[in-house]
Amino acid sequence: MTLAIGDTVPSVTLLDADGAAIDLKALKGAPLVVYFYPKADTPGCTVEAQDFTRLAPEFARLGAQVLAVSRDAPAKLCKFRDKYGLTVRLASDEDGAVCEAFGTWVEKQNYGRTYMGIERSTFLFGADGKLVREWRKVRVKGHADAVLEAAQAL
């Protein structure tokens, strides 16, 4: 499944780094950024999380929530958050259901090897819960700033 502009945020539940449930539908009423990253505590994923953490006060001023999703277990996310002092909310999709709902679980290739993995992607939902912007195959440098700029334009 792949989301399209205008689609409503999927009705899915995740666990955050502390094991608390997050119902995406319940976050309706404020802008929502959901970004997917391949693996906690790897170089690109760390930089991306640090960039969103750096901009967290700006997103908060807009009333926007930011949720970072990977297939890592909550315990690993907790260690990742604490190691780097991250303030962005990290969420676990261990079974991959949320990745499937967003269409971010894709076939990838690296050094001639084909495998399934998370496509680095970001989704911006308006306060009405409808998708207003998406970024696929994200390059980390400058990405969090671009998402903030799009959120400011809502």
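Worth saying up front: this structure is predicted, and the values here are computed from it rather than measured. Heavy atoms only: backbone and side chains are in, while hydrogens, waters and symmetry mates are out.
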Check whether any side-chain N or O of [X] sits under 3.5 Å from a backbone N or O of [Y] as a donor-acceptor pair, and report yes or no.
| X | Y | value |
| --- | --- | --- |
| K137 | S121 | no |
| D16 | L90 | no |
| T42 | G44 | no |
| S92 | D72 | yes |
| D93 | R71 | no |
| D7 | A4 | yes |

Mind listing the closest non-hydrogen atom pair of [X] and [Y] along with its distance?
| X | Y | value |
| --- | --- | --- |
| A17 | R81 | CB-NH1, 3.7 Å |
| F59 | A151 | CE2-CB, 4.2 Å |
| A56 | T87 | CB-OG1, 3.7 Å |
| V88 | A68 | CG2-CB, 4.3 Å |
| P10 | F125 | CD-CZ, 4.3 Å |

Side-chain contact, heavy-atom cut-off 4.5 Å: [X] with [Y]?
| X | Y | value |
| --- | --- | --- |
| Q50 | T46 | yes |
| K25 | V12 | no |
| V69 | L14 | yes |
| N110 | Y115 | yes |
| S70 | C45 | no |

Drop me the distance from [X]'s [atom1] to [Y]'s [atom2], to the nearest 0.5 angstrom.
| X | Y | atom1 | atom2 | value |
| --- | --- | --- | --- | --- |
| L24 | T8 | CG | OG1 | 12.5 Å |
| I118 | F36 | CD1 | CZ | 7.5 Å |
| L77 | K79 | CG | NZ | 11.0 Å |
| L86 | T53 | CG | OG1 | 4.5 Å |
| L148 | R61 | CG | CZ | 9.5 Å |
| T122 | R136 | OG1 | CZ | 10.0 Å |

What do you reckon, is NZ of K76 surrounded by more than 12 foreign heavy atoms closer than 6.0 Å?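 Buried by this count: over 12 neighbours within 6.0 Å.
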Is the CD atom of E94 crowded by more than 12 outside heavy atoms at less than 6.0 Å? yes
So is R120 actually on top of W135's ring, under 6.0 Å and inside 45° of the axis? no
Aromatic F52 / basic R54 pairing, under 6.0 angstrom, 45° off normal: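 No, R54 does not lie over the aromatic ring of F52.
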Is there a path of hydrophobic side-chain contacts, each under 4.5 Å between heavy atoms, that joins [X] and [Y]?
| X | Y | answer |
| --- | --- | --- |
| I5 | Y35 | no |
| L124 | L67 | no |
| V66 | V147 | yes |
| L15 | I22 | no |
| L32 | L154 | no |

Lys/Arg N to Asp/Glu carboxylate O, [X] vs [Y], below 4.0 Å:
| X | Y | value |
| --- | --- | --- |
| R89 | D18 | no |
| E119 | K108 | no |
| D128 | K28 | no |

Going through the distances and angles, do K83 and D41 end up as a side-chain contact (heavy atoms from CB on, under 4.5 Å)? CA-CA 9 Å; K83 180 177 180 179; D41 208 4; 3.0 Å; yes
According to the interplanar angle, ranging from 0 to 90°, do the rings of F80 and Y84 count as parallel (below 30°), tilted (30 to 60°) or perpendicular (above 60°)?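 Perpendicular: the ring planes of F80 and Y84 meet at over 60°.
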Is the distance from the ring center of F123 to that of F102 below 6.0 Å?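 They qualify: ring centres under 6.0 Å apart.
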